[in-house]
There are 2 protein chains.
Amino acid sequence: MEAISYNRPSLTALLRRHGIAPTHQRLEIAQVLFGRCHHLSADQILARVNEQHAETSKATVYNTLNLFCDRGLIREVIVDPKRVFYDPNTDPHHHLYNVDTGEITDIHAGALSVSGLPELPPGMVTEGVDIIVRMRASSPSVG
Amino acid sequence: MEAISYNRPSLTALLRRHGIAPTHQRLEIAQVLFGRCHHLSADQILARVNEQHAETSKATVYNTLNLFCDRGLIREVIVDPKRVFYDPNTDPHHHLYNVDTGEITDIHAGALSVSGLPELPPGMVTEGVDIIVRMRASSPSVG
DNA sequence: GCACAAATTAGACAAAGTCCAATTATTGAA
DNA sequence: TTCAATAATTGGACTTTGTCTAATTTGTGC
């Protein structure tokens, strides 16, 4: 895994390395993504970026998250039909999803192996394999 | 796999077996789900149900799909952040997702095995393991 | 036919995300 | 620096998916 420090100079370098001009707003967003707990939604990122003083618009947050995804800096996590989460960890790994709380935890891919995947149709290429383990508390009140 | 015929009497029986009163609208929706190609979104189901003559409202389609899910008749498929798809196949299986076209295909679980999944935290229970293989055409114009 | 419960409905509403035209930053060159 | 060109950001309107509610309709047993 690429070691990432969370200070401005190294975030600036990180963006540049991915061909992204390091503007003020992008650095703020990068800091939220890489500096705090993982798996935030666009809305949560918007709120955190503007915690101290409003400085970034909704449009910019969405633009930036899509840009970061396109450039391989972060990854979308699609587990909740209501919103997309963004994962600053781009190493191969999977997710444990707490259906009750919405909490997402990483599962390292190293320990895990999948066999028996079918061949893809000709001309097609795997973009990624997502494994989502959905869990819940064992004795919910619903019988 | 439970064999399901797609005529009214067997759909009626299917609903009753799951404790669901077989109303006209529910039978229409069941027919669309079980009788045609798989993995439809709520919107697609709404359109198909009202193809001939408008007979079912948006609210009923959403109510019914949620009811069918709760009762284990169908399953949600969460692969596209824009909408939920509904899968009439409730046997254990996984999905191949064509990122370019949005097309979803089944992967039978029989042929497939996963090892190395971590233990769940105490008091937690697996609700399901979803595996999504995302694929795309091998040489997209984007370099 | 009557009363009661269950299902359906239109349409208002909410949340996530996109789009656009106008403004503001940033950059490189002179 | 200053200027011009380009790139980024912005508010707000808009779209889409899905939920909610209060009123109506339907169905059931008696």
Side-chain angles (χ1 to χ4, degrees), chain A residues 8 11-16 18-33 39-50 53-71 73-87 102 104, chain B residues 8 11-12 15-16 18-33 39-50 53-71 73-87 102 104:
Chain A
R8 286 307 170 108
L11 287 174
T12 301
L14 177 69
L15 297 206
R16 278 206 224 279
H18 286 82
I20 298 170
T23 66
H24 176 63
Q25 287 87 342
R26 286 169 179 172
L27 285 167
E28 287 286 323
I29 292 167
Q31 195 156 45
V32 167
L33 280 165
H39 308 117
L40 299 170
S41 70
D43 243 38
Q44 292 171 324
I45 291 165
L46 178 62
R48 293 198 171 184
V49 158
N50 292 321
H53 9 261
E55 44 194 350
T56 306
S57 71
K58 185 173 73 153
T60 298
V61 168
Y62 279 97
N63 286 345
T64 301
L65 290 172
N66 289 332
L67 180 68
F68 284 6
C69 281
D70 289 351
R71 296 299 220 281
L73 246 158
I74 61 176
R75 222 169 80 172
E76 285 186 335
V77 181
I78 298 163
V79 288
D80 179 339
K82 301 211 111 95
R83 62 190 84 58
V84 172
F85 289 93
Y86 293 90
D87 191 340
I104 301 170
Chain B
R8 287 303 170 110
L11 288 175
T12 300
L15 297 205
R16 279 206 225 277
H18 286 82
I20 297 169
T23 66
H24 176 64
Q25 286 88 342
R26 286 167 180 174
L27 285 167
E28 288 286 325
I29 292 166
Q31 195 156 44
V32 168
L33 279 165
H39 308 116
L40 299 170
S41 69
D43 243 38
Q44 292 170 325
I45 291 164
L46 179 62
R48 293 198 171 183
V49 157
N50 291 322
H53 9 261
E55 44 195 351
T56 306
S57 72
K58 185 173 72 154
T60 297
V61 169
Y62 278 98
N63 287 345
T64 300
L65 290 172
N66 289 332
L67 179 69
F68 284 7
C69 281
D70 289 350
R71 297 297 221 280
L73 245 159
I74 61 176
R75 224 169 79 172
E76 284 185 333
V77 181
I78 298 164
V79 288
D80 179 340
K82 301 213 110 98
R83 63 190 80 56
V84 173
F85 289 93
Y86 294 90
D87 191 340
I104 301 170

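We use all heavy atoms of the structure for the numbers below, so side chains are in, but hydrogens, waters and symmetry mates are not. Throughout, a chain's letter reflects where its sequence line sits, starting with A, and its residues are numbered from 1.
Nucleic acid contact class of B:T56 (heavy atoms, under 4.0 Å, all strands): sugar-phosphate only. Residue-level contact check: B:N66 touches the backbone only, with heavy atoms under 4.0 Å from sugar-phosphate atoms and none from bases.
Put simply, B:T23 has no side-chain N or O that comes within less than 4.0 Å of OP1 or OP2 on D:dT26. The shortest distance between the side-chain N/O atoms of A:T60 and the OP1/OP2 oxygens of D:dT10 is below 4.0 Å. The side chain of B:Y62 contributes no N or O atom lying less than 4.0 Å from OP1 or OP2 of D:dT19. Contact annotation: B:Q25 does not reach the phosphate of D:dT26 (side-chain N/O to OP1 or OP2, under 4.0 Å).
Each of B:K82 and B:E55 was assigned the nucleotide of DNA chain C with the nearest heavy atom; the assignment lying further toward the 5' end belongs to B:E55. Where B:K58 and B:R26 each meet DNA chain C at their nearest nucleotide, the meeting point lying more 5' is that of B:R26. Residues B:R83 and B:N63 each lie close to DNA chain D; by heavy-atom proximity, the contact nearer the 5' end of the strand is made by B:R83.
For B:H24 and C:dA6, the NE2 to C1' distance is 17 Å, given to the nearest whole Å. Note: CD (B:E28) to P (C:dT9) measures 11 Å, nearest angstrom. B:Q44 places its CD atom 14 Å from the P atom of D:dT16, with the value rounded to the nearest Å. One atom, CG of B:D80, and another, P of D:dT16, lie 14 Å apart when rounded to the nearest Å. In this structure, B:L65 places its CG atom 15 Å from C1' of C:dT8, rounding to the nearest Å. Atom pair A:I45:CD1 and C:dA16:P shows a separation of 13 Å (rounding to whole Å applied). Put simply, CG on B:L27 is 13 Å from C1' on C:dA7, counting in whole angstrom units. Rounded to an integer number of Å, the gap from A:F85 CZ to C:dA15 C1' is 13 Å.
With D:dA8, C:dA10, D:dT17 as the candidates, the nucleotide lying closest to the side chain of B:D43 is D:dT17.
Panel note: side chain A:N50, backbone A:E55; a donor-acceptor pair is recorded below 3.5 Å.
Other residues, nucleotides and ligands contribute at most 12 non-hydrogen atoms within 6.0 Å of the CZ atom of B:R16.
B:Y86 contributes atom OH, which lies 5.0 Å from atom CG of B:N66 (distance to the nearest 0.5 angstrom). Atom CZ of B:R83 sits about 5.0 Å away from atom CZ of B:F85, to the nearest 0.5 Å.
Counting heavy atoms from C-beta on, the side chains of A:I20 and A:L73 come closer than 4.5 Å.
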